[in-house]
Every structure is written in structure tokens, then in C-alpha cells.
Amino acid sequence: MDDQYELYCLADPLFYDTLDGRRGEHPDFALATRDVPDGWEHRATDTWLHYAPLSGRTPAQGWKIHVSACAEDAERAIAAVWDYCVPRGIAFKFLRSLPVMTMLNSKAAPRGSSGKLVTIYPVDDTQLELALKELDVLLAGVEGPYILSDLRYGQGPLFVRYGGFAGRRCLGENGEQVLAVEDGEGRLVPDVRGPAFSVPAWVTLPPFLEPHLAARNAVTTEGLPYRIESVMQFSNGGGVYLAEDVRTGARVVLKEARPHAGLDAAGRDAVARLAHERDMLERLAGLDAVPALVDYFTLGGHHFLVEEFVDGNPLQRQLVRRYPLTRADCDGEALAEYTSWALDVLPKVRRAVEALHGRGVVFGDLHPDNILVTADGRPVLIDYEVATLATDGGRAALAHPAFGAPADRRGTDVDAYALGCLCLGLFAPQLTIMLPLDRAKVVRLAELIVETFPVPPEVIDEAVRAVAGPNPPVPEPLPRPGRDGWPRIREAMVRAILASATPERDDRLFPGDVAQFEPGGGAGFAYGAAGVLYALEKCGAERLPRYENWLRRRALTPDTGSGIGFYDGLHGVAHVLDLLGHRQDAIDTVDLCLREKWDALELGLFGGLAGIGLNLLHLGGTTGERAFTEVALRIVDVCADRLGGPDDVPEVSGGAHPRAGLMYGSSGLALLFLHAYERTGDAGLLDRAAVALRQDLRRCATGEDGTLQVTQGWRTLPYLDEGSAGVGLVLSRYLAHRDDGGFRAALDGCRLVTRGRYFVQSGLFTGRSGMIAALGSGLAPAPHDPGTDLAEQLRGLDWHALPHGGGLAFPGDRLLRLSMDFATGTAGVLFAMSTVLHDRPVFLPFLEPPGGTGAPATAQPVRGPAGRLRPCDSPKEV
């Protein structure tokens, strides 16, 4: 799980939230209560507590010291650093609590940064050397995980890395803002933070660190009887490698465990779990469903388990490849074929689990990634690090969130629950992850599975009993999308949104994605109040002056570090304030934005120049402020200059490469060029729009079902944000102005993605609601094509619908908590349904038909505080 989501799951069982209101249950380290020293400043975040002298001696970058520690040594290590750094005026920070420390060192935590408990910021190399020597003595005996991104100093808990101290940013190779440092010529370049130590090319390693680098490089795999062929998987606890036993020529799997790293809920590290797995494999030796144990050894302090290589594919991979509802050409025959395959797999997996039970072992971590299926259909269960003895009646300390049993299940009942979830999950992938939000949801999922697949009801009934117990709960009698009338559905979603509101809080008004806890995110369009109020206004809900005033206050007094983009910042807030009639507030908010150095931003619609330019064009029309339009056209010129040619992007999206699509890719730029063309009539802008669209189409691939989808190399995406649905919307707008045979064919492929009948998430940006909104915003079938059944898409929202506050709500990204925001949650679902069901036209921002928006030419401008609006020459942090 993404570590941010895990952290924000700790605070509340229904919504992602900070721990601020739950410090009694998850207390900070004792040092957090110390008074801030005189002459020092202090800043707190959800994860770190920062301390720095007001003298301002801390440089912007340099060699930083990291301290790692185990839980039992954490308080001692923090106290030692505090007592050392404060008298010497050295800035530092430390993780604020044990839960945060555990989360950032869990198995799923990022490998590069994991293990850091304290960070110290020496002012120069001299202070660096002295601090390391003296702290090495003060922290003698403290043990902690190895920090992979750093160079270890000696054998203790001290590590060093060169990097930024201040939060400066620049554009990375993927075209998005990343943390930055100055290179040797004073240019900002990405501050690379990978899981391996490296020194920037313009930096010289201090001579006193050279012996420590030599000691690090002295550990190799030379002399082992195994030759590593490839990496199969990495986690924060270690790696899994495919290797050859050079003595026999047999292929084997090496599992690595790093000391003190990869913690689980019981506080065990990866080494403890690997030794436990060795013991379990010995107990289970000879079973067909269990890999054979080959060897166990240590190297450089790391532990390695060697086991038989099983030539099979994970069940998860087979599920993804075979699952029919994601295909545009799914028919009854495909459903029957898939059902037959699933019904063949399930009893085989059950027998494999029962074989373990026969040896007195509870597997404890059953899910499709831990089930290998060989060519002859034999299932083999892998990964026994959390297995337990049946007689102990225990529970696994790690579990997949979609298969982890509730607290009342013990012993073999843990596996029985996971088997029930596996049965349901083969027909409704990932959705059992929602069950902690509403245990009665299992009944509704079962109904939908039996309605959709030709699976015997008794098979699903048995799975429901395994998951819910002998007396399954009764779902609340709520309206069901696609089955009940729009007014009733709309009222139920509005009721849930309002029931969740927290106007007494300053950080957020409505609960949403974890991104709302970034500076300004709680007010923003994608994850905050602006997007929710936008959806409520567009669906025809009653006005909410109290909540509008909350947004107005946040707009005019934004958090330090707030973004200025459309979906992630103040431009989106201004757009909504203008829509709600608070025009002066909107103009004042844009005035704040125009003081920023906007030309250094990324290009995309979500948080970059495309979104800002589109909003300024829009507000230039609604307010009559020519300054807005003038800046917008300057932004168009900047984007045109930075666009490049059709082939100046890689053939894959994401990762280290720029992303494609409407929100982050070139399609957002094309939308800006099209609006500018519609405003100016400059045909050259149509040419630039065509180039931008060809860049995104270069990163698309045609599937076996004829759909055109954005490719990331390892998967393809149909979604609104980074997928082909968003690309198709802009293609459709382009073709309204100029015909192009290639674009028409591409649009047909994009339209086909709306025929998919299953989406793991319901949200607007990366889920089913995006397909509905695309259909309502310009991706409707061509006249010669009957297209998708819209009613089918609306009914499909029932897969995710959950009760809240007497109304209807939807889970956010990861499905772990409910969300009310626009990008991931209930407001986005409400908006999407409005685009196809409301009695007046509703469109995504900037995707209404050409000529359908804009204020009359006689609109009177509203002046800002200075009497006029203009970009400011000197940037000011918002």
C-alpha cells in the first residue's frame, strides 16, 4: 500500500484523515512536547517535526545526516540529536511518532527513504565530519535499518547523502515538478532520491567518507553458489531474485531480508519473518502446493532464503488477462468461458489451503499474487512469512487489504475468509477491499455477481457465508444507481456529502483523497471544497452560503506553499467562486496567482500552464478583464514554444516519462490551443493542437478488442485523467473544427473504452464515473455506431455504492475509505451522473461545446484592490 494512504487510514475507519484529532491513541514521541528553544523556529507536518535556528545559517543544500533506529532505540536517538544540535545551532527534524516511524519502515514503504528517523543539516563539510564523529560515539549501540539511498558511516545508525535542504523545485524528466538542487553552474536540476547511494556529478565526496564508501563496495555476491539472473520483485524488506544454482544448473528463487526493515503490525522485521518462513517450509516439505526449501544463508548482514523455482504465473496475472468485463467485445460466451475457468481454479486452491491445514499451518496471506498456477493447472502457494500454527489461534501481522479477515477471525477461519474473498474477487476484482466500510456490501456484491456471470448461486452463497458468517447482514434500503430515478439518487448523494462536512475545520471542508492534506489541497478543485461545491451547483442542489464562505476565506488567505494550478490550486478555486457569483473574490484570488512565477510550471491541465491558461481565457470572458485574456494568450505562446514535435515524446506514458492524457499530458495542451483558436481564429493554433494530440496518440496502443488506450508499457489506461477517454474528448473537439481521417479512426477507438463494463474504482478521474462523464461531455457514440449502453454504465455504479449519513457515498482511490471529493469520490460520481441525467446541460470544465460559454462583450470588469489587474514582476510565495 502507498505509505501516505496507510498513514491516513490510521486516523479514522471511514475517511482518510490526519492524526491530529487522535494523538491520544497515536501519541507523538516524548521529545515532541519539549519547548521550542529560544531563537529557533518550529514547523510540524503529518510526518515530521522540523526545528531550525532563526539565524538562517542553514544552507539550501549539502551533505545531510540521517539517523536510523529500531523502535526501542528511537526516543534515545532523538534525544541525543536534540541535545547535540540545539547548542550548536544545527537544524534537524525527526519523525513525530512511533506509528509514523513504523509506517515509513513497513514492507510496503518506499525503499529509498525508508529507515530515516532523524535528519540533520550541517552547514558545511567541516561540521558534517565533526557531527558524524561525535554522534557516532553518542549513538553507540543504537541499531536501525540500512538507509538504501545513503552511505553508511561506520557500523552505527548514521548515514549521509548529498541533497536539498530547502524545498526547491524544477521540472523533472517526466515534465512535472520535482524536488531540486543547484548543479555546478547554478541551475536547478532534479534531486534524485533513488534506492542506491550516488554522488551528483558536480559534487566531490569528502575525503573522510572515502573509507566508508570502500567498505560499502566490498560486499559482493562473489563466491556464492548462486548466480542471480534477474530481479523478480523489490519491497522495503528486501528483494526476490531469480537465480541459478551453479552446482546443479537448477533455477532457484532467492528471497532477501534486510535487518530492522520491512516492519509488520507485530513489529517484526523482514529477517524475523524470513526465518519464520524457513521454519514453515520445513514443516510443509513434500506438499505439491508448497515450494521446496533449498538453502538459507547470510551475506553482509542480509539473510537469504533459497527455494525451488516454480514455473507458473500468478493467479492475479491470469485474472487480469482473462477477465471479460473490461473488454469492449465482452459477450455471453466470454462470460461463460471465464466462469468455467474460475470454477475450475477455486476448488484447486481450496484443496491446496486444506493441505496446509492438514500440517497444522494457517497460510494467513492468501490472495491472487501469492498463488502461482502452473501450465498443468496446479496451484502453488508462495510467501509463508506470516503463516501461523492452527493450534495458536493467531492472526497474520500482514495481509492484503482485500483479503484480510476481520478481528473476530482466528486460526483456520482466517484462511476461510480469504477463500471466500477469493471466490468473490475472481468475479468482482479488488472490491472486497471495501467490506470494512460496510459489511453488508458483501450481500450486494453477491447479487451483482450472480446477475452478471453464469455462476451457480450456491457457489457465491457459500463465499458470502465464509466472509459474513452464517447470518449475513442486510444492506440498507438505499436507492440504487441505474435502477432508481435520478432525483432520488441525486438527493441521496447530496445527503451523504453534507453529512460528511466539517466546516469547523480549517484544513478541509469535505473528506476526500489524502492529497487534500497537501498545502491548499483542502480548498482545491480535485480533492477539496471547490470541486464538491462545483458538483453540487452543477447538479442543481441548494446553495450553501456557509460552505461557500468557508471557501472564500481559504481562497484569500491560502496556506503557504499552495499551488496555483486549476485542479490542484487557486485557479480552480477562483473558477468555482466565479461560478457561484463571488466574482470579486475570484478576481482577487487570480490576482494572487498572477504574482507567481507561473512560466516555470509544468504544461498539463491538472496543475500546470494548460489549466491556468484555460481558466484565464474563461474568466477573461466572464469578468471582461482583458488582463486575464492577455496573460492567457502569453501562456498559449509559452506552451506552443515548449510543445515540440509529434515524435518528441516517448512511446509510453508515466514512470520516468511524461504522462499522456487530458489531465497531465498533451491533450490538455491541445484543449488550450483549441480554446485559443476559438477565441482568436488563428489557424496556427489548430496546427499546434494537432501536434499535441499526435503526441498523446503516439503513447496509445490498440487492444485485441479494438479499444485505443494509453500505454504505460506494463498496462493500458482507458481513464479520464491519463487514459484514452480524456484524449478522445479533445479529439472530438478538434474534429469539430477540422477533419482528419487518422483522428477520426483514433476517436472511434477511444469511444470503445466506454463499453467496458467493469472498473476497479468508481471515481471520476480513474474510474467508471469518468466513462459516464466522457459520454456526457463529447465522447458519445458516432451516428453509425450504437455505442455503449449508458444505462449499463449507470447500473455499474452499484458495484461501489455504500451507505453514509442516510445517503449514498462512494469510496476514493484505493477503495480503503469513503471520499466526497471531485476527482476520486462521491462529488465526482454525482457530477458524472449530472452530465447525462440532469435537466440542463452539464459539462466538465472547458469541455462544453465551442461557443457555449463566455460572457457578453459588454460585461463590466470588476477591479482588484489596486484598481487594475496585471502580472507582478516579482514572485511572491502563496
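Since this is a predicted model, take the numbers as computed values, not measurements.
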Legend entry - ring pair (Phe, Tyr, Trp, His ring centres under 6.0 Å) assessment of W799 paired with Y758: CA-CA 9 Å; W799 289 101; Y758 189 84; 5.5 Å; yes
Inset, instruction - State, with a plain yes or no, whether a side-chain heavy atom of F759 is found less than 4.5 Å away from one of Q793. - result: yes
Inset, instruction - Write down the atom of V753, the atom of P718, and the distance for their closest heavy-atom approach. - result: CB-CB, 3.8 Å
Legend entry - R768 (side chain) donor-acceptor with R757 (main chain) under 3.5 angstrom: yes
Inset, instruction - Find out whether R317 and V320 are in side-chain contact, i.e. whether some heavy atom of one side chain is under 4.5 Å from a heavy atom of the other. - result: no
Inset, instruction - Could you check if a side-chain atom of L693 sits within less than 4.5 angstrom of a side-chain atom of D740, using non-hydrogen atoms only? - result: no
Legend entry - Backbone N/O of Q709 and side chain of T707: donor-acceptor pair under 3.5 Å: no
Inset, instruction - State, yes or no, whether a side-chain contact exists between V178 and C170 at a heavy-atom distance under 4.5 Å. - result: yes
Inset, instruction - Working to the nearest 0.5 Å, report the span between NE2 of H838 and CZ of R490. - result: 6.0 Å
Inset, instruction - Using a 4.5 Å cut-off on heavy atoms from C-beta on, say whether the side chain of M493 contacts that of F810. - result: yes
Inset, instruction - Answer yes or no: is there a side-chain heavy-atom contact under 4.5 Å between L747 and F743? - result: no
Inset, instruction - Could you tell me which non-hydrogen atom of L764 sits nearest to which non-hydrogen atom of A773, and how far apart they are? - result: CD1-CB, 3.6 Å
Inset, instruction - For residues L617 and T629, determine if any side-chain heavy atom of one lies less than 4.5 Å from a side-chain heavy atom of the other. - result: yes
Inset, instruction - Check for a donor-acceptor pair, side chain of T754 on one end and backbone N or O of R751 on the other, with a separation under 3.5 Å. - result: yes
Inset, instruction - Give the ring-plane orientation class for Y323 versus F453, where under 30° counts as parallel, over 60° as perpendicular and anything between as tilted. - result: tilted
Legend entry - ring-ring contact (aromatic ring centres under 6.0 Å, His included) involving F846 - partner list, sequence neighbours excluded: F566, H575
Legend entry - Expected output: side-chain R583 to main-chain T622 donor-acceptor under 3.5 Å: yes
Legend entry - Side-chain touch L808/V829, heavy atoms, less than 4.5 angstrom: no
Inset, instruction - Working to the nearest 0.5 Å, report the span between CE of M820 and OG1 of T826. - result: 4.0 Å
Inset, instruction - Step through the shown structure and confirm whether more than 12 heavy atoms of other residues, nucleotides or ligands are within 6.0 Å of CD on E451. - result: yes
Legend entry - Side chain H800, main chain G812, donor-acceptor under 3.5 Å: no
Legend entry - Criterion side-chain contact (heavy atoms from CB on, under 4.5 Å) on V636 and F673, from CA distance to verdict: CA-CA 7 Å; V636 170; F673 295 141; 4.0 Å; yes
Legend entry - Backbone of G175 reached by a side-chain donor or acceptor of E602 within 3.5 Å: no
Inset, instruction - Could you tell me the separation between the CG atom of L188 and the CG atom of L171, rounded to the nearest 0.5 Å? - result: 10.5 Å
Legend entry - Heavy-atom pair of closest approach, residues L797 and S769: CD2-OG, 3.7 Å
Check residues 525-540 and write down every donor-acceptor pair under 3.5 Å in which the side-chain atom is one partner and the other belongs to a residue at least two apart or another chain.
from: Y534; atom 1: OH; to: F843; atom 2: O; distance (Å): 3.4

Inset, instruction - Drop me the distance from C593's SG to F628's CZ, to the nearest 0.5 angstrom. - result: 9.5 Å
Legend entry - Inter-residue atom distance E704.CD - R327.CZ, 0.5 Å rounding: 5.5 Å
Inset, instruction - Indicate whether the side chain of Q695 and that of D648 have a donor and an acceptor atom separated by less than 3.5 Å. - result: no
Legend entry - Nearest non-hydrogen partners of Y734 and A689, listed with the distance: CD1-CB, 4.1 Å
Legend entry - Residues D813, Y5; criterion side-chain contact (heavy atoms from CB on, under 4.5 Å); working and verdict: CA-CA 9 Å; D813 280 2; Y5 286 87; 3.8 Å; yes
Inset, instruction - Output yes when a side-chain donor or acceptor of R698 lies under 3.5 Å from a complementary backbone atom of V649, and no otherwise. - result: yes
Inset, instruction - Verify, without hydrogens or angle tests, whether D721 (side chain) and M663 (backbone) share a donor-acceptor contact under 3.5 angstrom. - result: no
Inset, instruction - Go through D687 and R738 one step at a time and tell me if the salt bridge (Lys or Arg N to Asp or Glu O under 4.0 Å) criterion holds. - result: CA-CA 10 Å; D687 298 335; R738 178 188 286 173; 2.9 Å; yes
Legend entry - Intermediate values then yes/no, salt bridge (Lys or Arg N to Asp or Glu O under 4.0 Å), R744 and D748: CA-CA 6 Å; R744 277 189 280 108; D748 288 342; over 6 Å; no
Legend entry - For the student: nearest non-hydrogen atoms of A632 and L616, plus distance: CB-CB, 3.7 Å
Legend entry - R694 side-chain N/O to D647 backbone N/O, donor-acceptor pair under 3.5 Å: no
Inset, instruction - Could you check N313 against R321 for side-chain contact (heavy atoms from CB on, under 4.5 Å), going step by step and ending with a plain yes or no? - result: CA-CA 11 Å; N313 279 317; R321 179 173 58 85; 5.8 Å; no
Legend entry - Polar side-chain atom of Q516 near backbone of F510 as donor-acceptor pair, under 3.5 Å: yes
Legend entry - Residue pair L335, D331: steps toward the side-chain contact (heavy atoms from CB on, under 4.5 Å) verdict: CA-CA 6 Å; L335 292 172; D331 56 18; over 6 Å; no
Legend entry - Interatomic distance, L671 atom CG to L847 atom CG [nearest 0.5 angstrom]: 5.0 Å
Legend entry - Over all atoms of both residues, closest heavy-atom pair of L609 and L672: O-CD2, 4.4 Å
Inset, instruction - Using a cut-off of 6.0 Å, state whether more than 12 heavy atoms not belonging to R483 lie near its atom CZ. - result: yes
Legend entry - Cationic N near anionic O, under 4.0 Å, D696 to R699: yes
